[in-house]
Number of protein chains: 2
Amino acid sequence: MNTLAEENYLKSIYHLSLNDVNVSTNQIAAALNTKAASVTDMLKKLADKALINYAKYQGVTLTAAGEKIALHIIRKHRLWEYFLVEKLHFKWDEVHEMAEEMEHISSIELIDRLDKFMDYPKHDPHGDPIPDRNGNFKKYELKPIAALNVNENGIISGVRDHSPAFLQYLEKQQLTIGKKIKVTEIIDYDLSMILQVEQTEIHISREVAKNLLIAI
Amino acid sequence: MNTLAEENYLKSIYHLSLNDVNVSTNQIAAALNTKAASVTDMLKKLADKALINYAKYQGVTLTAAGEKIALHIIRKHRLWEYFLVEKLHFKWDEVHEMAEEMEHISSIELIDRLDKFMDYPKHDPHGDPIPDRNGNFKKYELKPIAALNVNENGIISGVRDHSPAFLQYLEKQQLTIGKKIKVTEIIDYDLSMILQVEQTEIHISREVAKNLLIAI
DNA sequence: TAAAAAGTTTAGACTTGTCTAAAAAAATAA
DNA sequence: TTATTTTTTTAGACAAGTCTAAACTTTTTA
Ligand SMILES: [Mn+2]
Ligand SMILES: [Mn+2]
Ligand SMILES: [Mn+2]
Ligand SMILES: [Mn+2]
């Protein structure tokens, strides 16, 4: 069907498209840890296969066919992450690299049965939505805690930074998905925030507040 | 670590080694559906990595390091097959191709946890033994039903032919792993056999009798 | 034990995906 | 609106894995 490299390019373009309509060669190169020249080569192949819209120097967008493939890879990635955490008891900061490999297992029947086995989860361990077999998922907006004012509250529902270091920090602070938080104070000097989480108060930096998302 | 191609070569050499001490270039080519020239190229690479013992025109054997890798791939293959059948309810004739992909997922921790999740199964859905994390498994001998005489009996414990066609045939005849069988008659003319399996009598050809294995 | 057949290796080519260095285009600044 | 900087593409090369055709070894047969 598609090669592993092609799948990774499509997935990266999809993710980058969430922030910018047109995705640039350099953005893709940075995301995939490769060189711009290599990206240009691959963009030509993907355009030949009608998976992206590509005009020299203009950046790219996914075609409907390309987006469908990207969403299927993302579905697999997130279902496997859910499996690793819920069934094999890995921690949420440990599963991404494994899922990067597992997302390329090709069988559609396998992933549909895995979905059923886990009772059709709607979100992966990091709060990201899991597309269904047709690529559909509810696009509900999240906003960073940094956007809250004093006395406003919300439920932790996602992260903007998926790095193990950040996830481990959150875990240690008990700032995990589903927790209800309320902003009790914003420090003028550095815009750091003091949160009420269950019985305790937690002080987080502006940096953390920008990368921790709540449902609106 | 090792490439997908290297892993597949090592696994094939391991399986072929069970029948012949020295494995030939053509045997490997046939098993991997490739050409002898390609095999020779890869044998050089594997010999450079000290994973096989190779002397031109003499065939190959695995080194201890090569065998260790082969057994680890086989462990992964069989554990995933067990998972697919026991947890996702695939049939035993449906899982091999999926496991061919899944056996290359690299994480050792993942496979050890999968093993634990399934409570350390000793055999895959086809009766083949699952090596433990150190590559050890009990090597108990099986023999084909064809080797039995009238009135002798045994328990179906494995297959020599893993093709979906054969597995589907066995399933339909209720000749599945664990069933107790007894030979009630051997037809002189074609050496076909009549088996007593639970309440019913089943007539199998010599060909089937040679590919269906029982514990001795 | 020499000739024929079968099996294996070498030579040279091709594909995929990658890279560096240089050229070209686009964006930004003066 | 030129000149400079940044971004992107092209040109040419390389590694992995594969192939066909030809050359070699080894084995079998007569
Ligand atoms: Mn992930
Ligand atoms: Mn995730
Ligand atoms: Mn199998
Ligand atoms: Mn099996």
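The sequence lines fix the lettering, A, B, ..., with proteins before strands; numbering per chain opens at 1.
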Between A:F83 and B:K87, is there a cation-pi geometry (under 6.0 Å to ring centre, at most 45° from the normal)? no
Lys NZ or Arg CZ of A:K45 over A:Y54 ring: under 6.0 Å, within 45°: no
Which sits closer to the 5' end of DNA chain C, B:A55 or A:N33, going by the nucleotide each is nearest to? B:A55
May I ask you to evaluate whether A:N26 reaches the phosphate of D:dT6, defined as a side-chain N or O under 4.0 Å from OP1 or OP2? no
Choose from D:dG17, D:dC24, C:dA26 the nucleotide whose nearest atom is closest to any side-chain atom of B:K45. D:dG17
Assess whether a salt bridge exists between A:K122 and A:D128, defined as any Lys/Arg side-chain N lying under 4.0 Å from an Asp/Glu carboxylate O. no
For C:dT9, does OP1 or OP2 lie under 4.0 Å from any side-chain N or O of B:K35? no
Looking at the side chain of A:Y57, which of D:dT9, C:dT10, C:dT8 is the nearest nucleotide? D:dT9
Whole-Å gap separating P (C:dT16) and CG (A:D48): 11 Å
Expressed as a whole number of angstroms, how long is the span from B:K49:NZ to D:dA16:P? 9 Å
Return no unless some side-chain N or O of A:K56 is found under 4.0 Å from OP1 or OP2 of C:dA26. no
Looking at every strand, decide which applies to B:A5 at a 4.0 Å heavy-atom threshold: base, sugar-phosphate, or nothing. sugar-phosphate
Got more than 12 heavy atoms from elsewhere within 6.0 Å of NZ, B:K91? no
C:dT9, D:dA11, C:dG17: which one has an atom nearest the side-chain heavy atoms of A:A37? D:dA11
Of the nucleotides D:dT18, C:dG17, C:dG7, which one has an atom closest to the side chain of B:D41? D:dT18
Between the side chains of A:Q168 and A:D93, is a donor N or O closer than 3.5 angstrom to an acceptor N or O? yes
Nearest-Å distance for atom pair CG/C1', residues A:N22 and D:dT7: 14 Å
Please report the distance, rounded to the nearest Å, between CE in A:M42 and P in C:dT15. 16 Å
It should be established whether B:T3 places a side-chain nitrogen or oxygen under 4.0 Å from OP1 or OP2 of nucleotide D:dG17. yes
Check whether any side-chain N or O of A:Y54 sits under 4.0 Å from OP1 or OP2 of D:dT9, and answer yes or no. yes
A:L4 atom CG is separated from C:dT18 atom C1', nearest whole Å, by 14 Å
Residue among B:L51, B:T34, B:L4 satisfying side chain to side chain contact (heavy atoms under 4.5 Å, CB included) with B:Y9: B:T34
What is the distance, to the nearest angstrom, from the CD atom on B:E6 to the P atom on D:dA16? 9 Å
Atom NZ of A:K44 and atom C1' of D:dT8 are separated, to the nearest Å, by 11 Å
Nearest-Å distance for atom pair CD/P, residues B:Q58 and D:dT25: 12 Å
Give a yes/no on whether any side-chain N or O of A:T34 is located under 4.0 angstrom from OP1 or OP2 of C:dG17. no
At less than 4.0 Å, is any side-chain N or O atom of B:Y9 found next to OP1 or OP2 of D:dT18? Yes or no. yes
Return no unless some side-chain N or O of A:T40 is found under 4.0 Å from OP1 or OP2 of D:dT10. no
Look at the side-chain N and O atoms of B:S38 and state whether any lies under 4.0 Å from the OP1 or OP2 oxygen of D:dG17. no
